[in-house]
Peer 1: 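First, the structure itself, so that you have it in front of you.
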Protein chains: 2
Amino acid sequence: MRRDVFQAIADPNRRAIIELLGHSQLTPNAVAAHFDVSRPAISKHIKILAECGLVIVTQRGRERYYEANYKALGEVSKWVDQYRNFWENKLDALGNFLASEAKVHKSKPHKNKQK
Amino acid sequence: MRRDVFQAIADPNRRAIIELLGHSQLTPNAVAAHFDVSRPAISKHIKILAECGLVIVTQRGRERYYEANYKALGEVSKWVDQYRNFWENKLDALGNFLASEAKVHKSKPHKNKQK
DNA sequence: TAATTTTGTAACTGATTGGTTACAATTAGG
DNA sequence: CCTAATTGTAACCAATCAGTTACAAAATTA
């Protein structure tokens with residue numbers, strides 16, 4: 001089964017869960033109380049999130065505490081960032097191509113706004 | 001059918017396609033030449049990408065030219081960015097919670113009940 | 001005009017997904 | 001010790017997904 005962070009955050013419920021788990025550690029029951037779906041459904045979502053490192057589990061007695069590990073979003077951040085200049089400079093694909101061509105041939109001034 | 005940018009970029013082939021379409025405009029046949037899957041499969045992927053604005057279509061005669069519109073990644077970027085401080089400051093969820101508690105108690109309670 | 005190229009899409013298929021209910025195991029509390 | 005609470009997971013189901021092959025339509029070209 002494919003289990004990467006891109007697939008993990010594709011589901012809106014899972015995004016809501018990791019949003020929730022950033023504010024405080026919560027037990028599965030506490031998480032499920034925020035949603036309309038059943039506790040097992042939440043449990044499966046959290047399992048998927050944990051499998052790609054987005055959620056960390058701490059067991060204490062019979063209870064489990066989940067918390068978000070946003071560091072695992074780094075992969076997504078990195079992937080998106082490589083395209084950031086494209087839309088922040090308001091260049092489309094062709095525009096970028098032409099801009100880089102002009103830069104090579106004529107040293108045309110090129111806004112290089114970084115993140 | 002759910003068609004948001006998070007679901008669109010969940011598939012590795014689709015991520016490869018929009019990567020490809022950032023370098024130059026390509027026809028569906030040209031795109032398909034880069035992959036092992038069939039042309040109709042690529043066509044369906046591109047349709048999904050176009051439906052959420054990640055790909056822009058230009059028809060010229062019988063041919064179609066696709067190009068990436070990375071601006072549509074803004075939604076993902078925005079979502080990820082709201083968590084960036086968490087992992088860049090090397091704070092875990094509990095650490096952030098305590099840090100915000102230490103300031104003032106003016107953060108509103110989180111409500112995320114779905115309907 | 002006739003044949004070829006380019007493309008989208010319908011129809012189908014097997015795998016995956018997101019959900020459910022039911023049940024078992026472990027811990028807590030009387 | 002017995003009962004209740006907390007949790008994971010198995011078994012199942014309908015819907016969606018990602019792929020295929022087959023075909024039709026429109027534009028090019030010989």
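Every chain is numbered from 1, with letters handed out A, B, ... down the list of sequences. Scope of the values below: all heavy atoms of this structure, side chains included, with no hydrogens, waters or symmetry mates.
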Peer 1: Any side-chain N or O of B:R39 less than 4.0 Å from the OP1 or OP2 oxygen of D:dT20?
Peer 2: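 For D:dT20, OP1/OP2 do not have a side-chain N/O of B:R39 under 4.0 Å.
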Peer 1: CG of B:D11 versus P of D:dC17: gap in Å, rounded?
Peer 2: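 The answer, rounded to whole Å, is 11 Å.
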Peer 1: Counting distance alone, no hydrogens or angles: does the base of C:dT7 have a donor or acceptor under 3.5 Å from a partner atom on the side chain of B:R64?
Peer 2: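 By the distance-only test, no, there is no pair.
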Peer 1: Do side-chain atoms of A:R14 reach the backbone of A:Q7 as a donor and acceptor pair under 3.5 angstrom?
Peer 2: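 Answer holds: yes.
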Peer 1: Mapping A:G61 and A:S38 onto DNA chain C by nearest heavy atom, which one lands closer to the 5' end?
Peer 2: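 It is A:S38, whose closest nucleotide lies nearer the 5' terminus.
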Peer 1: Which residue lies toward the 5' end of DNA chain D, A:P28 or A:K44, if each is placed at its nearest nucleotide?
Peer 2: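 Result of the comparison: A:P28.
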Peer 1: If you compare every side-chain N and O of B:Y66 against the phosphate oxygens of C:dG8 (OP1, OP2), does one of them come in below 4.0 Å?
Peer 2: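 Yes, because at least one side-chain N or O of B:Y66 sits under 4.0 Å from OP1 or OP2 of C:dG8.
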Peer 1: Kindly assign one of parallel, tilted or perpendicular to the pair B:W79 and B:F6, based on the angle between their ring planes and the thresholds 30° and 60°.
Peer 2: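 Rings of B:W79 and B:F6: perpendicular, as their planes differ by over 60°.
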Peer 1: Where is the tightest heavy-atom contact between A:N13 and A:D11, given as atom of each residue plus distance?
Peer 2: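 It is N-OD2, 2.9 Å.
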Peer 1: Are B:K47 and C:dT9 close enough that a side-chain N or O sits under 4.0 Å from OP1 or OP2?
Peer 2: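 Yes.
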Peer 1: D:dA18 P sits how many Å from B:I17 CD1, rounded?
Peer 2: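 It is 11 Å, rounded to the nearest whole Å.
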Peer 1: Between B:N29 and C:dT5, is there a contact of a side-chain N or O with OP1 or OP2 at under 4.0 Å?
Peer 2: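 B:N29 to C:dT5 OP1/OP2: no side-chain N or O under 4.0 Å.
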Peer 1: Between B:H45 and D:dG19, does any side-chain N or O lie under 4.0 Å from OP1 or OP2?
Peer 2: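 Looking at the OP1 and OP2 atoms of D:dG19, one of them is under 4.0 Å from a side-chain N or O of B:H45.
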Peer 1: From CG of B:L26 over to P of C:dT6, roughly how many Å is that when rounded to an integer?
Peer 2: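 Going from B:L26 (CG) to C:dT6 (P), I get 14 Å.
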Peer 1: Determine, step by step, whether A:R84 and B:S77 satisfy the side chain to side chain donor-acceptor pair (under 3.5 Å) criterion, reporting the C-alpha distance in whole Å, the side-chain angles of both residues, the deciding distance to 0.1 Å, and the verdict.
Peer 2: CA-CA 8 Å; A:R84 188 180 297 260; B:S77 173; 3.1 Å; yes
Peer 1: Starting from C1' on D:dT9, measure out to CD on A:E51 and report it in whole angstrom.
Peer 2: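 To the nearest whole Å, that distance equals 13 Å.
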Peer 1: Would you say C:dT26 has OP1 or OP2 under 4.0 Å from some side-chain N or O of A:Q59?
Peer 2: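 So the side-chain polar atoms of A:Q59 never come under 4.0 Å of the phosphate oxygens OP1 or OP2 of C:dT26.
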Peer 1: Side-chain N or O of B:S43 versus OP1/OP2 of C:dG8: is the shortest distance under 4.0 Å?
Peer 2: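 So the side chain of B:S43 is within the cut-off, an N or O lying under 4.0 Å from OP1 or OP2 of C:dG8.
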Peer 1: In terms of side-chain heavy atoms of A:P40, which of C:dT9, C:dT20, D:dT6 is nearest?
Peer 2: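 Looking only at side-chain atoms, A:P40 lies closest to C:dT20.
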Peer 1: Once you round it to whole Å, what is the distance between P of C:dT16 and CD of B:Q7?
Peer 2: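 It works out to 17 Å between those atoms.
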Peer 1: Heavy atoms, side chains only, cut-off 4.5 Å: are A:R60 and A:Y65 in contact?
Peer 2: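 Yes, their side chains come closer than 4.5 Å.
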Peer 1: Rounded off to whole Å, could you give me the CG-to-P distance for the A:N13 and C:dT20 pair?
Peer 2: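 The distance from CG of A:N13 to P of C:dT20 comes to 10 Å, rounded to the nearest Å.
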Peer 1: Whether the side chain of B:R15 engages the backbone of B:I9 through a donor-acceptor N/O pair (distance < 3.5 Å, no angle test) should be reported.
Peer 2: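 Pair found, side chain donor or acceptor close to backbone of B:I9.
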Peer 1: Report yes if a donor N or O on one partner sits less than 3.5 Å from an acceptor N or O on the other, where the partners are the side chain of B:R62 and the base of D:dA26; otherwise report no.
Peer 2: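 Absent.
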Peer 1: Whole angstroms only, please: what is the CD1-P distance between A:I48 and D:dT9?
Peer 2: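 Rounded to the whole Å, the gap is 12 Å.
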Peer 1: Between atom CZ in B:R60 and atom C1' in C:dT5, what is the gap in whole Å?
Peer 2: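 Taking atom C1' of C:dT5 as the reference, CZ of B:R60 is at 16 Å.
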Peer 1: Under 4.0 angstrom, heavy atoms only, what part of the nucleic acid is B:R14 near: base, sugar-phosphate, or nothing?
Peer 2: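 Counting heavy atoms under 4.0 Å across all strands, the contact made by B:R14 is with sugar-phosphate only.
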